[in-house]
Amino acid sequence: MNESWNDLMKERFLKIGALRSGGQNPWPNDQAPGWTNAGARAAAKGRDPEELAARPIRVDVAGRVMGLRRFGKAAFLVLSDRSGRLQAYLKKDHLGEEAYDRFLKSVDVGDIVWVDGPLFLTRTGELTVEAARFRLLTKAIRPLPEKWHGLSDIETRYRQRYVDLIVNEGVREIFRRRARIVSFLRSFLTTRDFLEVETPMMQTVAGGATARPFVTHHNALDMDLYLRVAPELYLKRLLVGGFERVFEINRNFRNEGIDTQHNPEFTMIEFYQAYATYREMMDLTEEMLSSLATELFGAPKFIYQGETVDFTPPWERLTVAQAAARYGGFPEERLSDEAFLRETAGRLGVKDAATASPGNLLVAIYEEVAEKKIVGPTFVTEYPIDSSPLSRRNDERPEIVDRFELIIRGREIANAFSELNDPVDQRGRFDEQLRKRERGDEEAHFMDEDYLRALEHGMPPAAGEGIGIDRLVMLLTDSPSIRDVILFPQLRKEG
RNA sequence: GAGCCCAUAGCUCAGUUGGCAGAGCAUCUGACUUUUAAUCAGAGGGUCGUUGGUUCGAUCCCAACUGGGCUCACCA
């Protein structure tokens, strides 16, 4: 008995003692159910009470006791397993006085039990197992939250996700849907001949994105390593190696703030296709996400936070300048005027408005006035070159890159571009990033000599894309916070 | 990192203009053999997040701290 236990827990501990002295193990592991609750329901579907009585279906099921209604000489248990709920009925006449009394003395809501017996329908039509045999499989010491209001304290829901999952069916459904989404994306790409790969999470150079990395240390090698901020540079090495279509679904780590859109570790899918451009990536994305929504909802439309999101292709395509002009109310031609950009950026409070390049000013203005207002899905294109050090330069306009961001409900969901495979241009871009880093930009890219060496071997022309899985799942589960779609979101140490 | 808000029984929540801490569910005892948040009768259960301060007296007022939420900044 633990001193910190409350009265409810002490009460249950006494029951454990009673079980043990009666020769019963409170935590046995020698009984597996032959049926799931949903399987039992399916077997009895359409049968009326007389048919069930005439040709009994005998099932044995196990699950957590979510409800317990005692009536003296009979009792109902509500059992919950991975497939759903099913009611069990225990009758003293059928089970024998001693066994019945002992079981009902020891069992509590929250325990896991096994029940074996024929199915029947109660007067109110509820499918029920009439227990001929039963066993306690797991004794719970802690009580579950209240049956009607459940667990709503947000901190407890995140810290003790196991309790959240036990009592909040909607939470279980979110994570089932998350698994379905990841599985859909995986098979969508696999059937298009993409190879799934795994590349390093611990990298000597944290490349592929602009973000502050986590640092760790390898003792045997006496070497600092970075948790990856993106898999991009490794996946493109694989294009060099001859895997012309690759993808990876895995965690990235970024040492930045935490809020409803950001968790330090988050899941990305990145995919790369040789002989494709960012234009084909738009088509692929439209097809992938609209068919995903159709798979989930039966149509490429769904509700997010009270508003309809429509994934029916084709999606709107806007340049950064067009988006800034439309949502900021500027004449588009003025957005190519450096003085106007500088003045506007300054007025909007953009930092470095006096020194930033015209391209970066335009993006900053777009992000300030337009991005949050775009309902989408919208592909935003024509990003300036200095914000995209790994993207292919546009053939006609060397100041922009062949890149898009996919914006849905004001959030960046995907980022894609035609890949820069010119090793000379790439070295120049890395040099520029190094100069930014020397000026104090902690998020600028590092030089990656091995990546340049790979490019020097020849990377096929290609396009690649990354989609933030957590944000996609938020959209498709109508979740307002990223913590609602990550099983164990990052929190401070418990106080 | 900044601002605002929150922390009371296992859970969901009241409450005290500063004077013995409340409800429902859960638990325990009793009644009850087809219930559905079962019902009925009774009982027990609290370091009011932590530490200080003000006060005759603090769960309540003040401060700091811890944890959480939202907004902003950074970012995807």
Side-chain angles (χ1 to χ4, degrees), chain A residues 4-12 14-15 49 66-78 85 87-95 97 100 104-105 108-110 120-128 130 140-160 163-164 166-168 208-213 229-230 251-270 349 351 367 371 405-408 411-415 441-443 466-472 474 480-483 489 491-495:
Chain A
S4 70
W5 287 358
N6 59 48
D7 289 350
L8 282 73
M9 295 173 72
K10 286 173 179 162
E11 203 66 56
R12 289 176 176 218
L14 293 176
K15 294 177 181 176
M66 298 304 293
L68 179 52
R69 295 184 281 276
R70 293 173 226 246
F71 290 83
K73 297 183 182 65
F76 291 93
L77 306 181
V78 178
R85 293 187 173 197
Q87 182 173 261
Y89 183 52
L90 276 63
K91 230 186 325 190
K92 196 174 224 174
D93 305 358
H94 288 199
L95 294 166
E97 182 156 348
Y100 176 89
L104 283 190
K105 275 261 182 232
D108 287 291
V109 170
F120 75 104
L121 285 161
T122 64
R123 280 204 284 256
T124 53
E126 173 106 18
L127 187 69
T128 304
E130 154 102 61
I141 293 172
R142 292 181 181 271
L144 286 180
E146 198 238 343
K147 63 189 169 193
W148 190 239
H149 299 93
L151 176 66
S152 58
D153 182 80
I154 289 176
E155 183 175 357
T156 311
R157 287 189 45 225
Y158 295 154
R159 284 197 197 281
Q160 302 178 39
V163 179
D164 192 26
I166 289 170
V167 299
N168 292 324
T210 53
R212 296 225 292 269
V229 294
R251 228 68 66 78
N252 291 343
F253 306 86
R254 298 189 184 176
N255 206 340
E256 313 274 2
I258 297 176
D259 59 30
T260 51
Q261 310 284 316
H262 300 87
N263 195 63
E265 52 180 306
F266 63 101
T267 303
M268 284 273 280
I269 179 169
E270 286 204 9
K351 66 174 185 183
E367 286 176 351
E371 193 176 73
E405 282 194 1
L406 171 62
I407 308 297
I408 303 171
R411 291 179 194 148
E412 184 193 334
I413 299 297
N415 180 24
D441 183 350
E442 282 188 71
E443 291 173 359
I467 301 177
I469 295 289
D470 311 280
R471 289 182 177 181
L472 182 64
M474 284 169 68
S481 169
I482 199 168
R483 297 180 199 102
L491 298 177
R492 284 188 161 81
K493 256 193 290 194
E494 206 168 346

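Below, read A as the first sequence line, B as the second, and so on, with proteins coming before strands; counting in each chain starts at 1.
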Tell me which nucleotide among [options] gets nearest to the side chain of [X].
X	options	value
A:R159	B:U34, B:A76, B:G68	B:G68
A:R492	B:C32, B:U12, B:G68	B:G68
A:I154	B:C25, B:G67, B:G69	B:G69
A:K105	B:U29, B:A37, B:C28	B:U29
A:R483	B:A76, B:G68, B:G69	B:G69
A:F71	B:C25, B:G68, B:A38	B:A38
A:W148	B:G10, B:A37, B:U29	B:A37
A:E126	B:U35, B:G67, B:G69	B:U35
A:L491	B:G10, B:G69, B:U27	B:G69
A:D7	B:A76, B:G69, B:G45	B:G45

- request: Using atom CZ of A:R142 as one end and atom C1' of B:C11 as the other, report the distance to the nearest whole Å.
  value: 13 Å
Could you give the distance separating [M] and [N] at their [atom1] atoms, to the nearest angstrom?
N	M	atom1	value
B:A38	B:C25	P	10 Å
B:G19	B:G57	P	14 Å
B:U39	B:U17	P	34 Å
B:A23	B:G18	P	23 Å
B:G15	B:A31	C1'	34 Å

Is there a donor N/O on one and an acceptor N/O on the other, under 3.5 Å, for the side chain of [X] and the base of [N]?
X	N	result
A:D259	B:C74	yes
A:Q87	B:U35	yes
A:R123	B:U34	no
A:T128	B:U34	no

- prompt: Between A:K91 and B:U35, does any side-chain N or O lie under 4.0 Å from OP1 or OP2?
  reply: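 No, A:K91 has no side-chain N/O under 4.0 Å of OP1/OP2 on B:U35.
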query: Mapping A:S152 and A:R70 to their closest nucleotides on RNA chain B, which lands nearer the 5' end?
result: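 Taking each residue's closest nucleotide, the earlier one in sequence belongs to A:S152.
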field: Most 5' of A:V109 and A:G150 on RNA chain B, judged by nearest nucleotide
entry: A:G150
For [X], which contact category applies under a 4.0 Å heavy-atom criterion: base, sugar-phosphate, or nothing?
X	result
A:N255	nothing
A:G257	base
A:T210	sugar-phosphate

- prompt: Once Watson-Crick and G-U wobble pairs under 3.5 Å are found, how is RNA chain B written in dot-bracket notation, 5' to 3', with | for any base paired to another strand?
  reply: (((((((..((((.....[..)))).(((((.......))))).....(((((..]....))))))))))))....
